[in-house]
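Computed from a predicted model, the values in this text were never measured in an experiment.
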Amino acid sequence: DGGITQSPKYLFRKEGQNVTLSCEQNLNHDAMYWYRQDPGQGLRLIYYSQIVNDFQKGDIAEGYSVSREKKESFPLTVTSAQKNPTAFYLCASSIQGQGWGGYTFGSGTRLTVV
Amino acid sequence: GNSVTQMEGPVTLSEEAFLTINCTYTATGYPSLFWYVQYPGEGLQLLLKATKADDKGSNKGFEATYRKETTSFHLEKGSVQVSDSAVYFCALSDQRGGKLIFGQGTELSVKP
């Protein structure tokens, strides 16, 4: 079955550490996205990529970095510069240029700073 | 710019009650409209969608009609169940296939 896999499901980070969240899709989608969700709040866009080797900042990119070396993969690194990284992180993908199709989401990674 | 506004939650209903969650939007052109559902601790799942005016999206007893004259896409269900307890997000996408714009989400709690 095609879909998006996020790993790990739970992640713990010590202050000052960088951590990388994995997102892999086998849907042959061109575009991929990273969102942050805080308790009781909506989704905020961190980064998105419409094509391999290209990505753009979203609304809250500071303290995060991404890469898009392969169509299937869009990892997110939460750096030590992100002052409040505890949140639920969601990855999504879509067929570029076909907004009517909407997004497919992964099951999320819950990051906690300890 | 494009935006989506949902009614604030939480919405608390008894089982078998009628559900309406309001969603209005601001957009240029003719966006596609979506409802997503998020169960606790999970990602978002597409619930239904509509791609043009007067279209009705439906799934699992939920319905929403694309009303261009009122720029609305309200979610309805005739008889909710405890298993419908979740957060519901309204979203839009412009025709160019750009990024989805999400509302802030509405939490629904259904009591037995």
Tyr48(A) and Leu27(A): same hydrophobic cluster, using ILVMFWY side-chain contacts below 4.5 Å? no
According to ring pair (Phe, Tyr, Trp, His ring centres under 6.0 Å), does anything in residues 7-32 of chain A pair up with another residue at least two apart or in another chain? List the pairs. none
Is there a donor-acceptor pair closer than 3.5 Å between any side-chain N or O of Tyr36(B) and the backbone N or O of Tyr103(A)? yes
Let me know which of Leu44(B), Leu100(B), Ile101(B) forms a side chain to side chain contact (heavy atoms under 4.5 Å, CB included) with Leu43(A). Leu44(B)
Contacts of residues 102-112 of chain B with chain A (heavy atom under 4.5 Å): Phe102(B), Gln104(B)
Okay, Gln37(A) and chain B: the region with an atom under 4.5 Å from a heavy atom over there is side chain
Check for me, please, whether Phe55(A) and Tyr89(A) land in the same ILVMFWY cluster - side-chain distances under 4.5 Å, paths through other members count. yes
State yes or no: do Phe74(A) and Leu90(A) share one hydrophobic cluster built from I, L, V, M, F, W and Y residues joined by side-chain heavy-atom distances below 4.5 Å, directly or via other members? no
Can Phe105(A) be reached from Ile60(A) by stepping across I, L, V, M, F, W or Y side chains whose heavy atoms are under 4.5 Å apart? no
Could you pull out the closest heavy-atom pair between Glu42(B) and Phe88(A), with the gap in Å? O-CE2, 3.5 Å
With a 4.5 Å heavy-atom cut-off (strictly below), which parts of residues 70-77 of chain B touch chain A? List them by number. none
Tell me which pairs pass salt bridge (Lys or Arg N to Asp or Glu O under 4.0 Å) where either residue lies in residues 5-34 of chain B, with sequence neighbours left out. none
Would Met7(B) end up clustered with Leu92(B) when hydrophobic side chains under 4.5 Å apart are linked, directly or stepwise? yes
Minimum side-chain heavy-atom gap Leu46(B)-Thr104(A) below 4.5 Å: no
Can you tell me how far the CD atom of Gln45(B) sits from the OG atom of Ser107(A), to the nearest 0.5 Å? 10.5 Å
For atom NZ of Lys56(B), decide whether the heavy atoms of other residues, nucleotides or ligands shown that lie under 6.0 angstrom number more than 12. no
For Gln6(B), which atoms come within 4.5 Å of any heavy atom of chain A: side chain, backbone, both, or neither? neither
Heavy atoms from other residues, nucleotides or ligands near NZ of Lys70(A) exceed 12 (cutoff 6.0 Å): no
Check whether Leu45(A) gets within reach of chain B through its side chain, its backbone, both or neither, counting any heavy atom under 4.5 Å. side chain
